[in-house]
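Here the structure comes first, spelled out in structure tokens, and everything after it is commentary.
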Amino acid sequence: MAKYTFSQNFEGWDEFKNLPLQERLPYFFRRDRIYDVLFSQQFNRSFLDTLYDLTNRIRRIAKIREGMLWLADLHSHRRAMLYFVQPSTRTFLSFLNACHILGFRTSEIRSMETSSEIKGESPEDSIRTFSSYVDLIVMRHPQEGFAEKTAWLLNCYSDRPVPVVNAGSGKDQHPTQALLDVYTLQRSFEHRGGIDGKVIAMVGDLKRGRTVRSLSYLLRNYQGVKILYAAPPEFQIGEDIKEFLGHHAIPFEEHGSLEAVLPWADAVYLTRIQDEHDETGRSQSEYSEFSLDPRNLSRMKSDAVIMHPLPRRGEIDVAVDRDPRAIYWRQERNGMWTRAALIATIFGSDRVVSEEGERFLRSV
Ligand code: NCD
């Protein structure tokens with residue numbers, strides 16, 4: 001088995017990682033532009049508004065063949081590496097296809113078993129190797145903080161640094177999932193005053209689920225939002241998130257059942273039990289009271305939306321899929337477009353998409 005411990009000692013890393021997050025964040029921007037995408041706390045409201053405008057624009061341009069071809073020429077001189085050494089279906093495919101929409105050529109490693117890590121190469125050296133060949137690294141890794149360490153390392157030690165995008169870091173964060181979740185919320189509430197003032201319920205394994213953590217951080221950017229957390233007591237949201245919400249005066253409540261939050265929520269965001277982290281534990285069926293089916297569906301507001309980062313197990317009965325409030329498949333599709341907009345932003349082509357893309361659209 002390949003090891004994925006921080007096996008090498010890089011001078012400066014320990015000091016850096018002990019700095020408060022606010023002091024580390026500027027390090028991942030270049031010339032006022034986001035460079036490494038690692039945490040939800042990197043995004044502010046104006047960044048989000050601009051990113052979502054760009055997402056909509058890219059979608060419109062891509063609707064026609066000429067538009068798709070124009071987009072695919074934008075970065076045809078660039079290469080991206082997808083390093084996904086933790087299982088992934090939609091995040092991997094949406095990043096891969098987002099890269100292809102923008103014209104990137106891609107390469108991938110999907111298991112440590114097929115990289116030189118199996119020969120004992122440190123993950124850090126493997127990453128430096130990728131940066132010799134590509135212009136962007138998108139990574140999913142089981143170790144919390146590894147994406148940040150990679151970005152820091154490339155910025156500090158490599159003579160060919162490339163941007164690093166965190167596509168899921170252990171139990172900690174999944175910032176691009178939060179970006180697509182908030183984009184989906186914004187589109188859903190477009191004619192109801194946007195996300196401001198809405199009640200968002202997060203349900204399931206909140207302790208080990210990285211999507212709800214990143215989403216909680218991102219909701220800071222909206223006014224008057226209230227979060228309702230519903231989970232078995234052992235899987236309630238982490239103290240660090242509660243501290244963050246307290247610090248930003250974001251109201252939240254913790255509940256021990258789904259029933260308690262259903263009637264009040266404008267969005268219900270369900271998640272699966274992350275039992276890959278279990279040492280011992282209850283079986284999945286014991287959490288069945290945290291799932292949605294046609295019976296408890298009637299307790300929800302008529303204009304609420306149902307979301308899930310997917311994959312699902314029993315949290316949402318397939319009978320719910322046909323309910324007009326179910327938007328999780330749409331949410332999944334939104335991922336590819338949001339990620340394309342994010343990559344275009346990192347590479348500074350947001351302006352050309354906005355200006356020339358618009359002109360181009362008018363001319364066809
Ligand atoms: C999530 C993940 O990997 O954190 N999936 C995803 O990226 N859409 C959620 C999960 O695995 O439960």
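Atoms within a ligand are numbered from 1 in the order they appear, just like the ligands themselves.
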query = Under 4.0 Å from any heavy atom of Pro309, which atoms of ligand 1 are there?
reply = 8 (N)
task = Give the numbers and elements of all ligand 1 atoms closer than 4.0 Å to a heavy atom of Gln274.
result = 10 (C), 12 (O)
Test applied, side chain to side chain donor-acceptor pair (under 3.5 Å); reference residue, Gln41; option that passes from Gln173, Arg220, Arg24 = Gln173
ask   = Of the backbone atoms (N, CA, C, O) and the side-chain heavy atoms from C-beta on, which set of Leu310 has a member under 4.0 Å from an atom of ligand 1: side chain, backbone, both, or neither?
value = backbone
key: Gln86 to ligand 1, any heavy atom closer than 4.0 Å   = no
task = Compare Arg272, Arg210, Arg213 and give the one whose heavy atom is closest to atom 3 (O) of ligand 1.
result = Arg210
ask   = Any side-chain heavy atom of Leu179 sitting closer than 4.5 Å to one from Leu48?
value = yes
request  = State whether Tyr222 and Lys198 meet the cation-pi test: NZ (Lys) or CZ (Arg) under 6.0 Å from the six-membered ring centroid, and within 45° of the perpendicular axis.
outcome  = no
query = Does the side chain of Ile227 come within less than 4.5 Å of Ile237's, by heavy atoms?
reply = no
ask   = Quick one: OG1 on Thr271 to CZ on Arg312, what's the gap to the nearest 0.5 Å?
value = 14.0 Å
ask   = Any non-hydrogen atom of Ala167 lying under 4.0 Å from ligand 1?
value = no
message = Below 4.0 Å from ligand 1: does a non-hydrogen atom of Thr271 turn up there or not?
response = no
request  = Measure from NZ or CZ of Arg128 to the centre of the six-membered ring of Tyr157 and say whether it is under 6.0 Å with the direction within 45° of the ring axis.
outcome  = no
